[in-house]
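Quick notes on the structure that follows.
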Amino acid sequence: MSEEHEELDNINNESQEPQETITKVTGMYKDWFLDYASYVILERAVPAIEDGFKPVQRRIMHSMKDLDDGRYNKVANIVGHTMQYHPHGDASIADAMVQIGQKDLLIDTQGNWGNILTGDRAAASRYIEARLSKFALDVVYNPKITEWQASYDGRRKEPINLPVMFPLLLAQGGEGIAVGLSTKILPHNFIELIDASIKHLKGKRFTILPDFPTAGIADFTNYNDGNRGGKVRVRAKISHHSKNTLVITEIPFNTTTSSLIDSILKANDKGKIKIKKIEDNTAAEVEILVHLPSGISPDKTIDALYAFTNCEVSISPLGCVIEDNKPLFIGVSEMLRRSTDNTVQLLKNELEIKLGELEEQWHFASLERIFIENRIYRDIEEEETWDGVINAIDKGLKPHIKHLKRAITVDDITRLTEIRIKRISKFDIDKAQQKIEALEEQIAEVKHHLANLIDYAIAYFTRLKKDYGEGKERKTEIRIFDDVDATKVVIRNTKLYVNREEGFIGTSLRRDEYVCDCSDIDDIIAFTKDGKMMVTKVNSKTFIGKNIIHVAVFKKKDKRTIYNMIYRDGKGGASYVKRFAVTSITRDREYDLTNGNKSSVVWYFSANPNGEAEVVTVLLRQVGSIKKLKWDIDFADILIKGRASKGNLVTKYSIKRVELKEKGVSTLKPRKIWFDDTVQRLNVDARGELIGEFRGEDRLLVIKQSGVVKTIIPELTTHFDSDMIVLEKWVPKKPISAIYYDGDKERYYVKRFLIENEGREETFISEHQDSQLEIVSTDWRPMADVEFTKVRGKDRKPNLEVNLEEFIAVKGINALGNQLTKDKINQINLLDPLPFDPPKEVHADELDVVDEEVIKTNDEQPLEGEIKVDLDPTPKSDSKPEQDSDEDLDVDDKGQVTLF
């Protein structure tokens, strides 16, 4: 039995040996994979530069032309017909066709073709119908100039490339992922492409930028002509719907309302933003209502939506096309040039073919006239053979063919013999001559076009723009975006705690002292009793150093928060006072704010968001013969320097304690604010137009074309509507003057009013749908020029100049106003205002940082117990060398500090 087992084992081992043989696939990989990669690149994913189609799209368009009879065809029927040219899957053909149809350029659709806004899919192909659009029939097809090839099974012919005479690839865009490469060509505006083609033909420079079917707002600063490495930022269009509601009316390209809402809900779940609910009312146009809880800033929420949701997306274009069966990476400008040059060549081919056809028609019409007019047909009556007939006609034509443009062939004579007797009997010489002359005119016209081919091409593009450009205006608004600082708009979704004694901060120390609300992307700044400072990322628990005296959320580049500090330098050393700001740091690095000696200690510390300067009392210990043990220090007398400065000497004696005597007011100058019209945002970086200098209580005045007025706090995160017509610093006592048309009474009215409700949005024209604001002025004494409508048969009434200050007194904002005139008005214009000296504003807190008053000169030594105040902004030799000089503030020769 054991021998039998051994034999069976040997047999099994022998049978398994071939299965363990290792086969090298190097050759298979090299050949088969490259074949597969080439196939995917050339036959599936990447469009051709000649006509802008991928192979499946080209076959769909060719099939639709085969089936075209002016009526709609079922998409399922078109899909089946397309499969005759290549065995694509029916689903892939239907999907490709739906994509073409949704671009609303080449296919006239009927039925439910889906929605690019909501992402809804099209109905099944058996339910929807399609036919070629007039534009497609005009620019895509011409069998006479089309190159053909056999289909995959050799039974049919299909075009190698369709003769598209338009930059179709740029108009529709294209996207595909192949093996080892991909392409992403963004869609461009129809009218702008035509204009660019005309500019190219004229030898002028041009620039083309994408235009998305979903509209939105886009920043093309880094578009890079559509080449690799470029980037396009696209944002949804978000505006205020009501006090606590935002409305999204346009969405970014490559997103849908569903994906957008999902991203908003996800950001809300993560605590990045805070919303109450979302309503999706999208139908033909996008309308997403975002309801906010009370107390949440709509402007900050808009920025947060851009920072944390798909309301802003970044698209990376990559221009890759197929040329001569090879992938080619080029920019969109070069694509347009090549497409336009190809269109010119196709137009030339068309004209040459047409010229040949016209010359053939003229040739035969001339032969026919000669044949009938000279009765050459009688010469064949006695001929008995076909060769005799041909020779007789040829002999009869010879005396009359000197003016013909080419020699007569046997085919020409054969066509003459096919003329019917009825036609010969009714032949009209005058009509025949008119036909020949008409053909000669057409030939001359075609030759003129060929001689002036560029002008002909320009006229061709101009005709396309005229015939098909209506309704194809730009949808995407071009704008330069201001970067959103995520740390400034994120919702404070967690709480920060501190254990001062042990030196820990974090979000998990719930049994310790609560500091403030923060977000998980914030940085935290902390100061310790020994004069150390550190900035670190929010974490569950982080060790800073024992005896923490101050913790707060750190704001990068914040020049308005000023820290006031009095410290002792080392054990038994002198005490110093300093004021500084912290604008930029290295995270998790420990900074020493003292002079660096061991055992230094902070006697007094305060953080002041607006540069406040308090008054403190210094109390000394009773040691030896010190006479003055108590005096006051006003931090307003101390210069603001860098954090590494040593500070000014307070005393060389031991301090018992420092007490707060009087809270301070801001020592910073008013903040200058500019409005950058390019990005439609406020800034403090001197970009755009200066609006004014603002203190804490100052507001901005905003007036819209719709007749809405409001005053707002000038926050840098504020968003402004596109219909804003007035933006300036609000002067409460300066009246607003307006002339508006009342739709109900059909009259023009003048009114002047003051804003009584700060922060409330109010409408100062009537609510009738036909009411509209004509002019508005914030000048003290405005003047207006009224031009009247000319009455038929009468001279135009002379213009009326109106002094609005004298015309009507200042009334309430809801007053109707005084009627301007009963006559019909053509237009109203503002004139230069009358001169007026406005009253000067006086603010109680208008204080400089340091006045010219000097407490002690620099070279005088302080008396015992007194403070030496250094008014010289230059560091002294006993000061530490200053580091991070980018944080030092601008100090003028009077010791005044300017912060913006």
Are more than 12 heavy atoms, taken from residues, nucleotides or ligands other than [X], located less than 6.0 Å from that residue's [atom1] atom?
X      : atom1 : result
Lys300 : NZ    : no
Lys652 : NZ    : no
Glu689 : CD    : no
Lys656 : NZ    : no

For [X] and [Y], which heavy atoms make the closest approach, and how far apart are they?
X      : Y      : answer
Ala581 : Asp558 : CB-O, 4.5 Å
Ala574 : Leu649 : CB-CD1, 3.7 Å
Leu260 : Cys311 : CD1-N, 3.4 Å
Ala526 : Ile544 : CB-CG2, 3.8 Å
His719 : Tyr306 : CE1-CE1, 3.8 Å
Ser599 : Arg568 : O-NH2, 3.0 Å

Item to complete: For the residue pair Thr494 and Cys518, establish whether any side-chain heavy-atom pair is separated by less than 4.5 Å.
Response: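 Thr494 reaches Cys518 side chain to side chain.
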Discussion item. Tell me which one of Thr245, Asp299, Val247 satisfies side chain to side chain contact (heavy atoms under 4.5 Å, CB included) with His240.
Written reply: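 Exactly one pass, corresponding to Asp299.
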Worksheet item: Of Ile585, Asp522, Ile524, which is the lone residue that meets side chain to side chain contact (heavy atoms under 4.5 Å, CB included) with Phe554?
Response: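 Only one option passes, and that is Ile585.
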Is a salt bridge present between [X] and [Y], judged by a nitrogen-to-oxygen distance below 4.0 Å?
X      : Y      : answer
Lys277 : Glu279 : yes
Lys272 : Asp520 : yes
Asp523 : Lys556 : no

Worksheet entry | Trace of the side-chain hydrogen bond (donor to acceptor under 3.5 Å, both in side chains) decision for Tyr576 with Lys646 | CA-CA 7 Å; Tyr576 296 87; Lys646 182 177 180 180; 3.1 Å; yes
Rounded distance [0.5 Å steps], [atom1] in [X] versus [atom2] in [Y]:
X      : Y      : atom1 : atom2 : result
Asp676 : Arg681 : CG    : CZ    : 10.5 Å
Ile505 : Phe543 : CD1   : CZ    : 11.0 Å
Tyr591 : Met534 : OH    : CE    : 10.0 Å
Glu614 : Lys663 : CD    : NZ    : 10.5 Å
Lys270 : Ser519 : NZ    : OG    : 13.5 Å

Practice prompt. For Thr536 and Asp588, run side-chain hydrogen bond (donor to acceptor under 3.5 Å, both in side chains): C-alpha distance rounded to whole Å, both residues' side-chain angles, the deciding distance at 0.1 Å, then the answer.
Written response: CA-CA 5 Å; Thr536 186; Asp588 296 324; 2.6 Å; yes
Practice prompt. Indicate, with yes or no, if the rings of Tyr563 and Phe527 have centres closer together than 6.0 Å.
Written response: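 Aromatic pair counts; centres sit under 6.0 Å.
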